Amino acid sequence: MEKLDESKFEQRLELWALRIPRELASAITRLLRSGYLLDKPRVKPVVEDPESDKNRLVVLSERIQKPDLSDMPQQMHDSLKQLCNVDVVPYALTLGYSYWSAGHVAHLNISDDLLAYKYVIAKVIYDKNYPRIQTVVNKVGTITNEYRVPEFEILAGKNDMVTEVKQYGATFRLDYGLVYWNSRLEHEHIRLVSLFKKGDVICDMFAGIGPFSIPAAQKGCVVYANDLNPDSVRYLRMNAKINKVEDYIFTYNMDARVFMQSLMSVTGSETRSDCQVAAVECYPKGGVPANEYLSSNGNHNDVREDGQNGANDSSVASTTAKKRQQTSKEEGEPDCQDGDASQTKKRNNKRVRGSGPPPTKPWEHIDHVLMNLPASALEFLVVFDGLVQKKQWTGSLLGYTVIVSSDQLNPRNQYYLIN
Ligand SMILES: C[S@@+](CC[C@H](N)C(=O)[O-])C[C@H]1O[C@@H](n2cnc3c(N)ncnc32)[C@H](O)[C@@H]1O
């Protein structure tokens with residue numbers, strides 16, 4: 001029998017840690033808990049310092065990429081300095097074979113020569129890891145569908161693929177059987193987001209359930225997030241709510257080329273097509289965030305769940321809103337799409353007082369476009385030809401950065417920057 005090479009599952013994270021006097025460990029973890037402390041299931045963020053038992057190492061989240069801590073809020077940095085002398089040291093963390101799973105689902109790729117033993121393998125994994133692991137699945141065949149969702153067979157445990165995973169302090173709910181998800185890309189997600197600055201305008205053309213968009217929004221970026229898979233967009237919206245960043249993310253369900261064209265077509269342009277109108281209606285207007293924009297009948301028009309090319313009309317918009325209310329109640333999602341005019345007014349008033357993002361018009365200014373579709377992302381580059389309308393464009397002269405994540409599993413090839 002061929003041996004399992006467990007090292008193939010390993011992922012090494014290059015992190016930073018604070019070396020602190022051990023009596024300050026509780027105070028400092030409290031201070032950093034709002035997203036700056038390492039937050040991984042079953043991994044302790046405070047560890048022994050191999051150099052002295054008087055100290056502890058407090059491991060920082062992947063959000064902190066620079067040893068001068070300049071990517072930490074200034075106020076937090078100042079509070080740290082008041083508590084102790086800030087000593088930042090590199091910290092490498094290896095997450096091995098036993099670590100990987102998506103929530104309660106253990107996902108296996110059993111090779112052909114071991115297929116005869118698949119139920120035995122699954123039963124051992126289930127028994128050894130229950131109740132943390134409650135479903136063991138095996139990937140069947142290669143991914144051929146557009147949504148990049150593998151087909152799975154359930155080998156042990158309950159037939160329930162809806163789960164929740166945590167990454168860098170964010171929670172992601174997903175149905176493993178309906179959407180693309182790969183827990184092993186966590187470091188890549190956060191590494192890319194570390195390129196963005198607060199206030200940047202980001203277009204995520206292949207957003208999935210939001211592992212780039214949600215942390216970008218948490219950082220204070222305004223994110224236009226799109227995916228062709230309606231289930232991914234449904235979970236993306238749910239995740240935006242769960243993580244309380246729905247004011248910063250505007251979601252779309254269409255082909256990525258149509259999405260970019262629609263986003264960049266100027267409101268009021270006489271030449272725009274129906275599908276462009278559909279997306280333009282989603283933009284923040286007059287300072288009202290798109291996810292709160294109301295049509296005349298009181299329905300919200302942000303997410304297109306009505307077809308892949310984005311073509312739309314007002315009747316579709318209203319059925320979409322009704323469908324969304326139903327879906328969110330079915331899924332146990334907090335219902336804030338109630339269409340009650342007085343409540344909506346209150347919400348809008350609250351946002352106008354300043355909790356939402358600054359209004360943006362993507363045809364005037366985008367900072368980064370993210371293309372995370374390995375193998376075929378390059379085929380979508382053609383959409384950028386002539387996309388910027390120079391008269392309206394107020395962004396930098398270099399335009400915007402297109403980040404193509406072309407081969408996720410090869411770290412040397414992860415993305416290209418095209419200015
Ligand atoms: C590799 S997944 C990446 C998703 C997400 N960025 C992540 O890291 O989990 C690629 C995504 O592109 C979406 N997709 C495929 N073809 C598309 C198209 N033509 N337009 C928009 N999205 C598309 C798929 O549904 C899938 O969610």
Side-chain angles (χ1 to χ4, degrees), residues 11 62 102-103 107 139 142-151 163-168 170-193 195-196 202-217 221 223-240 243 249-263 275 278-279 303-311 368-384 402-410 413-415:
Q11 185 180 355
E62 295 99 316
H107 160 193
K139 192 174 129 193
T142 49
I143 304 176
T144 49
N145 60 73
E146 267 184 309
Y147 299 160
R148 314 301 301 150
V149 184
E151 210 177 298
T163 191
E164 254 182 34
V165 286
K166 294 225 183 247
Q167 286 202 342
Y168 36 74
T171 301
F172 295 94
R173 193 175 297 169
L174 64 123
D175 185 329
Y176 219 10
L178 293 180
V179 303
Y180 175 89
W181 179 258
N182 186 342
S183 290
R184 294 186 66 204
L185 299 177
E186 176 169 11
H187 197 52
E188 168 66 353
H189 295 150
I190 204 65
R191 197 155 68 90
L192 248 172
V193 173
L195 299 172
F196 308 157
I202 312 294
C203 297
D204 190 352
M205 287 169 71
F206 310 99
I209 63 155
F212 293 108
S213 294
I214 302 272
C221 300
V223 184
Y224 294 90
N226 172 68
D227 202 281
L228 190 60
N229 181 351
D231 290 310
S232 294
V233 178
R234 189 160 55 86
Y235 279 100
L236 169 66
R237 287 184 44 234
M238 222 183 277
N239 291 327
N243 293 287
I249 298 189
F250 308 115
T251 54
Y252 303 83
N253 176 209
M254 50 179 83
D255 174 79
R257 301 175 195 87
V258 182
F259 164 66
M260 282 312 294
Q261 279 162 354
S262 309
L263 215 52
C275 61
V303 182
R304 328 292 345 157
E305 288 182 346
D306 43 312
Q308 297 178 353
N309 65 0
H368 301 280
V369 180
L370 178 54
M371 302 175 76
N372 178 219
L373 182 63
S376 53
L378 296 180
E379 290 164 23
F380 288 74
L381 282 175
V382 66
V383 77
F384 295 99
V402 181
I403 304 169
V404 184
S405 183
S406 68
D407 177 0
Q408 298 176 352
L409 297 180
N410 179 350
N413 265 342
Q414 264 159 356
Y415 50 84

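Numbering of ligands and ligand atoms starts at 1, following listing order. From a predicted model like this one, the values you see are computed outputs, not experimental measurements.
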Task: Side-chain touch Val369/Phe384, heavy atoms, less than 4.5 angstrom - done: yes
Task: Per-atom contacts of ligand 1 with Ala207, taking only distances under 4.0 Å to non-hydrogen atoms - done: 5 (C), 6 (N)
Open item on the list: Could you tell me, atom by atom, which parts of ligand 1 come under 4.0 Å of a heavy atom of Gly208?
Closed with: 4 (C), 5 (C), 27 (O)
Task: ligand 1 contacted by Asp255 (non-hydrogen, < 4.0 Å) - done: yes
Task: Heavy-atom pair of closest approach, residues Leu195 and His368 - done: O-NE2, 4.0 Å
Task: Thr251 to Leu236 - nearest heavy-atom pair and separation - done: CG2-CD2, 3.5 Å
Open item on the list: Aromatic contact between Phe380 and Phe206, with the criterion being ring centroids under 6.0 Å apart: yes or no?
Closed with: yes
Task: ligand 1 versus Phe259: contacting region, heavy-atom distance under 4.0 Å - done: neither
Open item on the list: Considering both backbone and side-chain atoms of Asp227, is one of its nitrogen or oxygen atoms within less than 3.5 Å of a nitrogen or oxygen in ligand 1?
Closed with: yes
Open item on the list: Exactly one of Trp181, Tyr235, Phe212 should register a ring pair (Phe, Tyr, Trp, His ring centres under 6.0 Å) with Phe172. Which one does?
Closed with: Trp181
Task: Asn243 side chain vs Ala170 backbone, donor-acceptor pair below 3.5 Å - done: no
- [ ] Would you mind reporting whether Asp227 and Tyr180 have side-chain heavy atoms less than 4.5 Å apart?
- [x] no
- [ ] Return a yes/no value for Leu228: is any of its N or O atoms, backbone included, closer than 3.5 angstrom to an N or O of ligand 1?
- [x] yes
Open item on the list: On a heavy-atom basis, which atom in Asn229 and which in Val179 lie closest, and how many Å separate them?
Closed with: ND2-CA, 4.0 Å
- [ ] Run the numbers for me: atoms of ligand 1, each under 4.0 Å from some heavy atom of His189, listed by number.
- [x] 8 (O)
Task: Heavy-atom closest contact (His189 atom, Asn182 atom, distance) - done: CE1-O, 4.3 Å
TODO: Would you mind listing which atoms of ligand 1 come within a distance below 4.0 Å of any non-hydrogen atom of Met254?
DONE: 20 (N), 21 (C)
- [ ] Kindly identify the option in Arg148, Met371, Met205, Glu146 whose heavy atom sits closest to atom 16 (N) of ligand 1.
- [x] Glu146
Open item on the list: Under 4.0 Å from a heavy atom of Phe212: which atoms of ligand 1 are those, numbered in the order shown and with their elements?
Closed with: 6 (N), 8 (O)
Task: Close approach, Phe380 and ligand 1, non-hydrogen under 4.0 angstrom - done: yes
Open item on the list: Below 3.5 Å, N or O to N or O, backbone or side chain included: is there any such pair between Asp204 and ligand 1?
Closed with: no
Task: Which atom of Gly210 lies closest to which atom of Pro215, heavy atoms considered - done: O-CD, 3.6 Å
Open item on the list: Can you tell me which portion of Ser376 lies within the under-4.0 Å heavy-atom range of ligand 1? Options are side chain, backbone, both, or neither.
Closed with: neither
Open item on the list: Tell me the contacting part of Arg257 for ligand 1: side chain, backbone, both, or neither, using a 4.0 Å heavy-atom threshold, strictly below.
Closed with: neither
Task: Under 3.5 Å: N/O of Pro211 near N/O of ligand 1 - done: no
- [ ] Could you tell me whether Asn226 and ligand 1 have an N or O pair separated by under 3.5 Å?
- [x] no
